[in-house]
Structure formats: C-alpha cells, structure tokens
Protein chains: 2
Amino acid sequence: MSHVSLRLGMLRAPKMPLMPASAGVRRRGAVRSEEARTAVLAATGRLFATEGYDHLTIEGIAAEAGVSKQTIYRWWPSKSAVVADALIEDRLLPDHPVVPDTGDIRADLIAWVQSVIELVAQPGYEGLVRSLIAAACENPDIGARLNDALGITATVATRIEAAVAAGQLPADLPVEEFVRALVGGFVLHALERTEPAPDVAERMVRALLH
Amino acid sequence: MSHVSLRLGMLRAPKMPLMPASAGVRRRGAVRSEEARTAVLAATGRLFATEGYDHLTIEGIAAEAGVSKQTIYRWWPSKSAVVADALIEDRLLPDHPVVPDTGDIRADLIAWVQSVIELVAQPGYEGLVRSLIAAACENPDIGARLNDALGITATVATRIEAAVAAGQLPADLPVEEFVRALVGGFVLHALERTEPAPDVAERMVRALLH
DNA sequence: CCGGTAATTCGCAACGGTCCGTCCAGTTAA
DNA sequence: TTAACTGGACGGACCGTTGCGAATTACCGG
C-alpha cells in the first residue's frame with residue numbers, strides 16, 4: 001500500500017543525546033525494545049479496527065500489546081501520536097483498489113469508485129473511515145499524512161495524469177484539487193451516513209467529468 | 001441561517017405518558033424549564049466555539065449554563081445529542097456567504113469559494129470546522145443534519161441549478177454530487193491543515209468545471 | 001373556594017467507575 | 001553504570017447514576 005513508509009516512532013526521545021552526534025560516542029544502557037514498539041503498533045491497529053478510534057485508550061493498547069503503560073508514555077506523547085505511527089507503518093489500513101486503465105478514463109474512474117464503495121460497505125469498514133477522520137481531526141500529523149498513507153491520491157493522480165497526457169482531459173486540469181474533490185465526496189458520505197444510491201459512482205464521476 | 005429549525009430537545013422523555021396521547025389527559029407536576037433548556041444550548045454554543053468539540057464536557061456545559069448536571073442528563077442522552085440540538089437551533093454556526101449570481105457561473109463559484117476560504121481562515125474559525133467534523137463522526141444525527149444546518153448545499157445547489165437552466169452546465173449534471181465534491185474538498189483541506197494556496201479557489205473550481 | 005396529595009421539575013451532593021498522566025521500585029539488558 | 005523494561009500506585013478529570021430536599025403544578029375531597 002503506502003510505499004513511502006517514513007520511519008518514525010521516535011517522536012519524543014526521553015533523553016535526547018544532546019551530544020552533537022559525534023561518531024564514536026555511544027549511548028550506555030539498554031536500547032529501545034523493537035519488540036515492544038511493534039507490539040504497540042500492532043495492538044493499536046487491531047483495536048483501531050475493532051473498537052474504533054474514540055474507544056481507543058492507552059491502557060487498552062498497553063494491555064493488548066502486553067506492555068507496560070509507561071513504555072508507551074516513554075515514546076509517544078499521546079494516543080493520537082501512537083495512531084499516527086501505526087498509520088505510517090500501514091497497520092491501520094487494508095489495501096485499496098487501484099484505478100484500472102482501459103483507456104477510457106470515465107469508465108475507469110466509475111469502476112474504481114464503485115469498488116471503493118463496495119470495499120467501504122463491507123461490515124466493519126464503515127466505522128473505520130470515520131475513525132480515520134476523527135483521528136485526523138485530533139492530530140495534525142495524521143491529517144497531513146493520511147493522504148500519503150492511504151495512497152489514494154497518488155493512485156488516482158497517476159491515472160488522471162495519464163488521461164491528461166492522452167488528451168482526454170484538459171492539460172491545465174488541477175489534478176490535486178480534482179482528486180481532493182473526489183475523495184472529499186466519499187468523506188462527506190461517510191459523515192452523513194447516507195446509504196449510497198446504486199448509481200452513485202456513475203453520478204459522482206459525471207459530476208466531475210462533463 | 002438554517003431555516004428548517006426543527007424543534008427538538010425532547011429526545012428522551014424520562015417518563016413518556018404511555019397514555020394513547022388522548023386529548024384531555026394532562027401531565028401533573030412541574031413543567032420543563034425553558035430557561036434551563038436555552039441556557040444549556042447557549043452554553044454549548046459558547047464552549048463549542050472556544051474550546052472545540054472534544055474538550056466539551058457535560059459537567060463543563062452544566063457549570064457554564066448555571067444548571068445542574070442532572071438537568072442535562074434528564075433531557076439529553078449524551079454530549080453529542082446536546083451538540084446536535086444546539087446545531088439545530090443555530091447556536092453553533094456563524095452565517096456563511098451566499099453564492100453571487102452575475103451570470104458567470106465560473107466566476108461566481110470562484111468568488112464564493114474564495115470568501116468561504118477567507119471566512120474559515122479567520123482566527124477561531126479554523127478549529128470550528130474540524131470540531132463540526134468530529135461531532136459528525138461521533139453522532140449520526142449531527143452528520144445527517146449538518147448539511148441542512150450549514151445550508152451550504154442548498155445555497156450552492158440553487159446557483160448550480162440556475163447555471164444548468166441557463167445552459168452553462170449540462171442538463172444532466174448531478175447537482176448533489178457536484179456540491180458534495182466541492183464541500184468535500186474543503187473538508188479535506190481542514191483535515192490536512194494545509195495552508196491554502198492563494199489561487200486555490202480558482203483551481204478548485206477549475207477542477208470541477210472543465 | 002381551599003387545602004391536601006401525587007407527580008414532576010429543579011438544584012445540590014455524593015457515589016463507583018474508567019481513563020488520564022505521573023511517579024516510584026525493582027528487574028533486565030547493553 | 002546506565003537506560004529501558006514491568007508492575008503497581010497515585011491524584012485528578014469526567015462519566016453516568018442515585019438520593020435528597022425544595023419548588024411547582026395538576027387532581028381531588030372537603
């Protein structure tokens with residue numbers, strides 16, 4: 001999914017070296033447990049999917065991960081920071097469909113929108129979208145990286161650009177805004193909790209391509 | 001703003017009459033204090049604007065309203081229900097700009113988007129949008145009524161329909177989806193917390209009108 | 001018409017419960 | 001020796017509920 005897996009998980013080092021990072025000086029004492037770190041992120045992903053973002057608690061994550069609460073507080077400043085890291089490490093999201101390329105941009109977009117709708121309509125996925133939105137509301141990092149982590153923008157944008165190159169779409173089309181509008185439509189649907197009409201995919205694409 | 005002010009505030013009557021609502025049977029005992037009800041909604045609006053949705057607490061609302069906590073729990077089942085009522089009674093939202101109608105749909109939309117951006121960019125308004133989104137995530141009623149309460153959909157839709165009638169836009173344009181895409185773009189901007197580029201209004205409209 | 005009673009509101013205050021974020025003690029690993 | 005780990009305990013915030021006394025309002029018997 002996200003191919004730009006930035007490596008984080010060190011948002012607040014409890015004792016930053018303060019040294020000018022000169023080579024040769026090595027920290028003394030035990031090193032951070034990678035096992036604990038991955039256990040926390042994996043537990044966060046599990047609980048996020050089952051309970052949803054707002055029922056997520058630090059104590060719950062610690063228990064699920066088999067880790068002391070202090071270990072979480074040592075490395076992450078807040079619940080939302082843990083979620084942000086879990087998001088970056090692709091532990092929150094299932095794979096999403098790619099945009100087909102048959103040469104017909106309209107049909108391809110409709111097919112993609114339709115498959116995304118079907119994906120989100122699966123039981124359990126409905127609240128997941130809202131959980132992501134809620135997390136993004138709370139934490140700027142999550143909001144900023146959500147696009148990258150989802151990979152939707154990149155996926156759709158490349159297909160759009162191909163259509164632009166093929167002359168099917170105007171050369172000066174603001175691709176970023178186009179994708180934002182498309183994804184934003186989904187977000188509003190998730191917020192409104194409206195049952196999507198069967199032809200909503202076709203309508204959404206027709207609203208954007210005319 | 002919202003002209004469809006449904007009257008609610010009675011979401012869970014503690015003792016429903018159970019009588020077949022036959023006329024003539026009248027309740028005994030003290031009647032609900034309208035003063036307390038409006039004080040709660042007004043306090044909710046104030047705190048919502050200043051603190052944001054997630055820092056809102058029942059106890060805080062009660063204190064701000066000068067009202068007992070039980071009085072709130074007697075009439076509303078949750079924090080989000082209070083917010084939903086406050087939203088319906090127009091206590092949460094400032095007025096929003098209307099779409100001008102100069103005959104040029106493109107220029108009108110750009111002007112409207114620009115003024116909305118400027119409105120939201122005002123200090124204090126930035127978090128308000130995210131607070132509304134967060135509230136909608138939590139409560140289906142809020143999500144369902146947010147569109148009506150904002151009045152944005154209706155405002156923009158009428159202008160779009162006028163452009164369709166004038167032949168500037170295709171007759172089969174799915175207006176609802178079009179507006180949803182436009183508003184959804186704003187929502188994503190609010191979630192991403194990106195500083196909007198100066199020409200973002202023009203780009204957004206160009207992404208939708210081509 | 002008057003006064004009692006029942007029903008229902010309100011405010012105040014307390015309760016147990018959950019989760020927060022912090023701290024300390026003891027153990028383990030580099 | 002130093003730092004990360006576990007486990008436990010702490011005060012505090014807020015939750016949602018409960019009990020109490022006082023006020024308000026309708027019904028009912030004198």
Side-chain angles (χ1 to χ4, degrees), chain A residues 9-19 24-41 43-44 47-48 51-83 134 138-139, chain B residues 9-19 21-41 43-44 47-48 51-83 138-139:
Chain A
M10 194 36 139
L11 296 179
R12 182 186 64 172
K15 286 280 177 59
M16 281 291 263
L18 291 177
M19 293 292 189
V25 263
R26 259 203 306 235
R27 277 181 68 268
R28 287 215 280 190
V31 82
R32 178 178 187 182
S33 161
E34 177 67 15
E35 194 180 358
R37 190 187 135 271
T38 55
V40 167
L41 296 183
T44 301
L47 294 177
F48 189 90
E51 313 281 335
Y53 178 71
D54 37 354
H55 293 103
L56 215 56
T57 66
I58 297 276
E59 296 189 338
I61 295 172
E64 171 81 15
V67 146
S68 158
K69 191 164 62 154
Q70 182 65 277
T71 298
I72 298 184
Y73 278 109
R74 196 192 320 277
W75 299 107
W76 291 279
S78 64
K79 173 182 88 169
S80 58
V82 182
V83 172
E138 199 172 301
N139 186 306
Chain B
M10 192 42 135
L11 297 178
R12 183 186 63 174
K15 287 277 176 60
M16 281 291 263
L18 289 178
M19 292 292 189
S22 58
V25 262
R26 259 193 313 215
R27 272 183 68 267
R28 245 184 332 181
V31 83
R32 178 178 186 182
S33 161
E34 176 68 15
E35 194 179 0
R37 191 187 134 269
T38 55
V40 167
L41 296 182
T44 301
L47 293 178
F48 189 91
E51 314 281 334
Y53 178 71
D54 37 353
H55 292 102
L56 215 56
T57 66
I58 297 277
E59 297 192 336
I61 295 173
E64 172 80 15
V67 147
S68 155
K69 189 165 61 155
Q70 289 58 31
T71 299
I72 298 184
Y73 277 110
R74 196 190 320 275
W75 299 107
W76 291 279
S78 65
K79 172 182 90 171
S80 58
V82 182
V83 172
E138 199 171 301
N139 186 306

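One atom, OH of B/Y53, and another, P of D/dC14, lie 15 Å apart when rounded to the nearest Å. When the P atom of D/dC5 is taken as reference, atom CZ of A/R37 falls 12 Å away, rounded to whole Å. To the nearest angstrom, C1' of D/dA3 lies 8 Å from CZ of A/R74. Taking atom CD of residue B/E35 and atom P of nucleotide D/dT24, one finds them 12 Å apart after rounding to whole Å. Atom CD in A/E51 sits roughly 14 Å away from atom P in C/dT18 (whole-Å rounding). Spacing between atom CD1 of A/I61 and atom C1' of C/dC20 amounts to 13 Å, rounded to whole angstrom units. The distance between atom CH2 of B/W76 and atom P of C/dT9, rounded to the nearest whole Å, is 13 Å. Between B/H55 atom NE2 and D/dA13 atom P the separation is 14 Å, expressed in whole Å.
Residues forming a salt bridge (charged side-chain N to carboxylate O under 4.0 Å, His left out) with A/E35 (at least two apart in sequence, or on another chain): none. Remark: A/E138 engages A/Y53, A/K79, A/S80, B/D54 in a side-chain contact (heavy atoms from CB on, under 4.5 Å) (not counting sequence neighbours).
To the nearest 0.5 Å, atom CZ of residue B/R74 and atom OG1 of residue B/T71 are 5.5 Å apart. To the nearest 0.5 Å, atom OG1 of residue A/T44 and atom CD of residue A/E64 are 9.0 Å apart. The distance from the CZ atom of B/R37 to the CH2 atom of B/W75 is 10.5 Å, given to the nearest 0.5 Å. B/I58 CD1 to B/Q70 CD: the interatomic distance, rounded to the nearest 0.5 Å, is 11.0 Å.
Proximity of A/R27 to the phosphate of D/dA3: no side-chain N or O atom is located under 4.0 Å from OP1 or OP2. Distances shown here put every side-chain N or O of B/R32 at or beyond 4.0 Å from the OP1 or OP2 atom of C/dT8. Of the side-chain N and O atoms in B/W75, none sit less than 4.0 angstrom from OP1 or OP2 of C/dT8.
Comparing A/A36 and B/G29, the nucleotide of DNA chain D nearest to each residue sits closer to the 5' end for A/A36. When each of B/A30 and A/E59 is assigned the nucleotide of DNA chain D bearing its nearest heavy atom, the one mapping closer to the 5' terminus is A/E59. Annotation: of the two residues near DNA chain C, B/V31 and A/R28, the 5′-most nearest-nucleotide partner is B/V31. Both A/T57 and B/Q70 lie near DNA chain C, and the one whose nearest nucleotide falls closer to the 5' end is B/Q70.
In this structure, the helix from C/dC1-D/dG30 to C/dA30-D/dT1 shows an angle of 0° between the axis at its start and the axis at its end, each fitted on 5 base pairs and rounded to 10°.
In this structure, A/T71 reaches the bases: a heavy-atom distance under 4.0 Å links it to at least one base atom across the strands shown.
Distances were taken from every side-chain heavy atom of A/Y73 (C-beta onward) to each of C/dC10, C/dT22, D/dT24; the shortest belongs to C/dT22.
At a cut-off of 3.5 angstrom, the base of D/dG16 holds at least one donor-acceptor pair with the side chain of B/K69.
Residues B/V83 and B/N139 are not in side-chain contact: their nearest non-hydrogen atoms beyond the backbone lie 4.5 Å or more apart. With a 4.5 Å cut-off on side-chain heavy atoms, B/L41 and B/W76 count as touching.
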